[in-house]
Amino acid sequence: MSFFGTISSKEHNSLRLIIQLAQSYDSKQPLSLAEISEEEGISIKYLEQLIMPFKRAKIIKSQRGRSGGYIMIKDPKKISLKEIIW
């Protein structure tokens, strides 16, 4: 038995989503859900559901337009695992 227990698939996929966005934090380059979906193998519809709590928590924001997508606005170094796994 693991010390931390197990995490749900929703929590696991949320973590994968945040890691993708954290990797583009320094470049401030927005990532589209299509890009994340292709990279992680998670459906866009599911990512749309996963991303909403992070927008409400002001961890990420959306950017509209041709080069739009999602940008992490909170420094990834200051995000706790507790904020990602709810």
Side-chain angles (χ1 to χ4, degrees):
M1 182 174 143
S2 170
F3 177 74
F4 294 109
T6 59
I7 62 172
S8 69
S9 62
K10 185 175 183 178
E11 293 166 332
H12 182 255
N13 289 325
S14 294
L15 186 57
R16 291 168 57 196
L17 167 65
I18 287 298
I19 289 170
Q20 283 290 324
L21 292 168
Q23 290 174 339
S24 67
Y25 177 75
D26 289 332
S27 69
K28 300 292 186 206
Q29 202 61 10
L31 288 177
S32 71
L33 291 184
E35 291 171 309
I36 297 169
S37 174
E38 186 176 316
E39 183 72 26
E40 294 296 328
I42 304 170
S43 77
I44 293 174
K45 287 286 188 193
Y46 191 47
L47 287 172
E48 288 171 351
Q49 295 172 18
L50 295 177
I51 211 153
M52 293 311 293
F54 299 117
K55 285 179 69 175
R56 284 192 294 270
K58 299 197 183 336
I59 294 174
I60 61 170
K61 72 174 184 175
S62 58
Q63 182 175 336
R64 294 181 176 221
R66 180 175 287 203
S67 62
Y70 292 91
I71 299 172
M72 184 169 281
I73 54 175
K74 186 172 182 180
D75 186 346
K77 295 175 186 168
K78 296 181 180 179
I79 298 174
S80 70
L81 190 56
K82 185 178 176 181
E83 291 178 272
I84 299 168
I85 299 176
W86 56 138

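The two atoms that bring Ile44 and Ala34 nearest to each other are CD1-CA, 3.9 Å, heavy atoms only. Taking each heavy atom of Pro30 and Ser67 in turn, the nearest pair found is CG-O, 3.1 Å.
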Hey, can you pull the donor-acceptor pairs under 3.5 Å for the side chains in residues 68-79, sequence neighbours left out?
residue, atom, partner, partner atom, Å
Lys74, NZ, Glu83, OE1, 3.3
Lys74, NZ, Glu83, OE2, 2.7
Asp75, OD1, Lys77, N, 3.0

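Taken to the nearest 0.5 Å, the CD1 atom of Ile36 stands 7.5 Å off from the OG atom of Ser24. Once rounded to the nearest 0.5 Å, the distance linking CD of Glu11 with OG of Ser8 reads 3.5 Å.
Partners of Lys61 according to the salt bridge (Lys or Arg N to Asp or Glu O under 4.0 Å) rule, which considers only residues two or more places apart in sequence or in another chain, do not exist here.
Sorted by first then second residue, the side-chain hydrogen bond (donor to acceptor under 3.5 Å, both in side chains) pairs that include residues 26-45, not counting sequence neighbours, are Arg16-Glu40, Gln20-Glu40, Ser32-Glu35.
Each of Ile18, Leu17, Ile19, Ile59 was compared with Ile84 under the side-chain contact (heavy atoms from CB on, under 4.5 Å) criterion, and only Ile18 meets it.
At least one side-chain heavy atom of Ile51 sits less than 4.5 Å from a side-chain heavy atom of Ile60.
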